[in-house]
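Working notes, structure below.
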Number of protein chains: 2
Amino acid sequence: MIGFEHHNHADCISTSVEAADNYCRTAGLQLTPARRRVLEILLGEHRALGAYDILEILAKNGFAAQPPVAYRALDFLVKHGFAHRIERLNAFVACAHPGIEHDPSFLLCRICDAVAEAQSDAASGRLGKVAETTGFKIERAVVEAVGVCPNCRGET
Amino acid sequence: MIGFEHHNHADCISTSVEAADNYCRTAGLQLTPARRRVLEILLGEHRALGAYDILEILAKNGFAAQPPVAYRALDFLVKHGFAHRIERLNAFVACAHPGIEHDPSFLLCRICDAVAEAQSDAASGRLGKVAETTGFKIERAVVEAVGVCPNCRGET
DNA sequence: TGTTGATATGTTATACTATAACGATTAGCA
DNA sequence: TGCTAATCGTTATAGTATAACATATCAACA
Ligand SMILES: [Zn+2]
Ligand SMILES: [Zn+2]
Ligand SMILES: [Zn+2]
Ligand SMILES: [Zn+2]
């Protein structure tokens with residue numbers, strides 16, 4: 001599972017940025033320098049980063065250091081599916097399946113903060129059934145499992 | 001589903017407070033005035049309230065108006081299962097099944113802010129399987145479905 | 001009874017997260 | 001070119017949460 005396993009991380013980054021690039025060109029979206037840089041920053045880690053963590057890195061990269069700079073880029077990335085917001089952490093993570101329509105769920109390690117993305121089936125599982133019989137229309141499901149990742153087993 | 005349907009709400013409150021009372025007596029916990037009042041406030045609404053909403057009401061009830069007053073009471077209620085935190089809303093809701101061991105999930109209406117609590121099976125569903133094969137140990141699952149409740153269907 | 005340790009409260013200050021607002025600039029297109 | 005929408009720069013402020021420390025309460029128990 002990407003996020004917990006060793007892998008060729010440089011590939012991980014370059015293919016995702018390239019995918020975002022292509023998608024934006026096709027869809028008429030602007031992957032501006034700040035947006036691209038934030039995506040790269042997120043891709044650099046398989047964990048969630050807070051907006052202010054990102055802002056700090058942006059500042060070192062010569063971008064303005066005001067919160068809206070980070071939030072605007074993050075809003076763009078989340079809106080177009082290049083990144084996801086982790087509600088539990090008030091933080092953001094790069095999407096592991098960019099360009100593919102999906103309904104993400106997450107495994108969050110409380111020890112090392114690693115994040116892995118999986119597919120969600122909340123809307124079709126038990127909760128979906130409850131919603132259906134109740135007449136509730138699910139538009140989006142936040143599914144975030146908190147626990148201990150394989151690398152941290154045995155460490156408290 | 002409690003939260004979306006009409007029901008005898010006075011009962012809803014009194015039985016839950018009584019249950020909390022009994023549980024605390026048995027478990028040697030102190031349901032102090034502030035804690036009890038916060039529980040009553042939460043029970044008064046089938047929706048999530050922010051800590052500062054609660055603080056405001058506490059202040060009108062003669063309690064001190066500093067954030068820790070609300071947060072401490074909420075921490076107690078959440079810790080002992082009388083209330084739940086809704087990550088998506090940075091807010092809190094009274095538990096609909098106090099005293100029963102459970103793993104809650106929520107249906108959140110984005111129109112009227114009503115909240116309904118259901119059982120979660122995230123740890124035993126698809127995500128649970130992924131976690132198991134990965135070696136990730138799920139300790140807790142945040143499951144919050146955002147959508148439109150039966151009472152708000154047809155209103156946007 | 002008096003000590004002690006655990007729990008709860010009062011209070012001040014501060015940290016962290018997020019958005020409003022508005023003017024300047026730029027990109028894309030008729 | 002001129003128009004329009006999108007983006008960016010910047011300041012200010014709103015909203016959420018916790019650190020820290022002093023005080024108070026209460027039960028266990030020597
Ligand atoms: Zn990688
Ligand atoms: Zn994704
Ligand atoms: Zn509950
Ligand atoms: Zn509703």
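This structure is a prediction, so every number in the text was calculated from the model and none was measured. Proteins get letters first, then strands, A, B, ... in listed order; numbering begins at 1 in each.
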**Item:** Members of residues 30-38 of chain B that approach DNA chain C, where some heavy atom sits under 4.0 Å away
**Value:**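 B/Q30, B/T32, B/R35 - these, ordered by number, are the residues of the stretch whose heavy atoms sit under 4.0 Å from the strand.
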**Message:** So if I take residues 66-77 of chain A and measure heavy-atom distances to DNA chain C, which residues fall below 4.0 Å?
**Reply:**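 Heavy-atom contacts with DNA chain C come from A/P67, A/P68, A/Y71, A/R72.
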Closest contact, heavy atoms only, [X] versus [Y]:
| X | Y | answer |
| --- | --- | --- |
| B/P150 | A/T134 | CG-O, 3.2 Å |
| B/V143 | B/S120 | CG2-OG, 3.7 Å |
| B/R153 | A/G135 | NH1-O, 2.9 Å |
| B/L55 | B/A65 | CD2-O, 3.6 Å |
| B/F4 | B/C149 | CE2-CB, 3.5 Å |

Figure out the [atom1]/[atom2] separation between [X] and [N], and round it to whole Å.
| X | N | atom1 | atom2 | answer |
| --- | --- | --- | --- | --- |
| A/I86 | C/dA18 | CD1 | P | 12 Å |
| B/E87 | D/dT16 | CD | C1' | 12 Å |
| B/F63 | C/dA8 | CZ | P | 15 Å |
| B/L89 | C/dT17 | CG | C1' | 16 Å |
| B/N90 | C/dT19 | CG | C1' | 14 Å |

**Request:** Flag yes if B/V78 and B/I57 sit in one hydrophobic cluster, no otherwise; membership is Ile, Leu, Val, Met, Phe, Trp, Tyr, and two members link when side-chain heavy atoms are under 4.5 Å apart.
**Result:**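 Yes.
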**Message:** With clusters defined by side-chain heavy atoms of hydrophobic residues (ILVMFWY) lying less than 4.5 Å apart, directly or transitively, does A/L29 cluster with A/L43?
**Reply:**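 Looking at the clustering, A/L29 is in the same group as A/L43.
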**Request:** Using a 4.5 Å cut-off on heavy atoms from C-beta on, say whether the side chain of A/R126 contacts that of B/S124.
**Result:**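 Side-chain contact under 4.5 Å: no.
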**Message:** With nearest nucleotide decided by heavy atoms, which residue, A/F92 or B/L29, maps closer to the 5′ end of DNA chain C?
**Reply:**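 Residue closer to the 5' terminus by nearest nucleotide: B/L29.
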**Message:** Rounded at 0.5 Å granularity, tell me how far CG in A/L58 sits from CD1 in A/I41.
**Reply:**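 If I round to the nearest 0.5 Å, the distance is 4.5 Å.
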**Asked** What's the spacing between A/E144 CD and A/L89 CG if we round to 0.5 Å?
**Response**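 Taking CD in A/E144 and CG in A/L89, the distance rounds to 6.5 Å.
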**Prompt:** How far apart are the C-alpha atoms of A/E40 and A/R37, what are their side-chain angles, what is the distance that settles it, and do they pass the salt bridge (Lys or Arg N to Asp or Glu O under 4.0 Å) test?
**Reply:** CA-CA 5 Å; A/E40 288 169 355; A/R37 188 73 195 94; 3.1 Å; yes
**Prompt:** Can you list, by residue number, the residues of residues 44-56 of chain B that have a non-hydrogen atom closer than 4.0 angstrom to DNA chain D?
**Reply:**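 Within residues 44-56 of chain B, the residues near DNA chain D are B/Y52.
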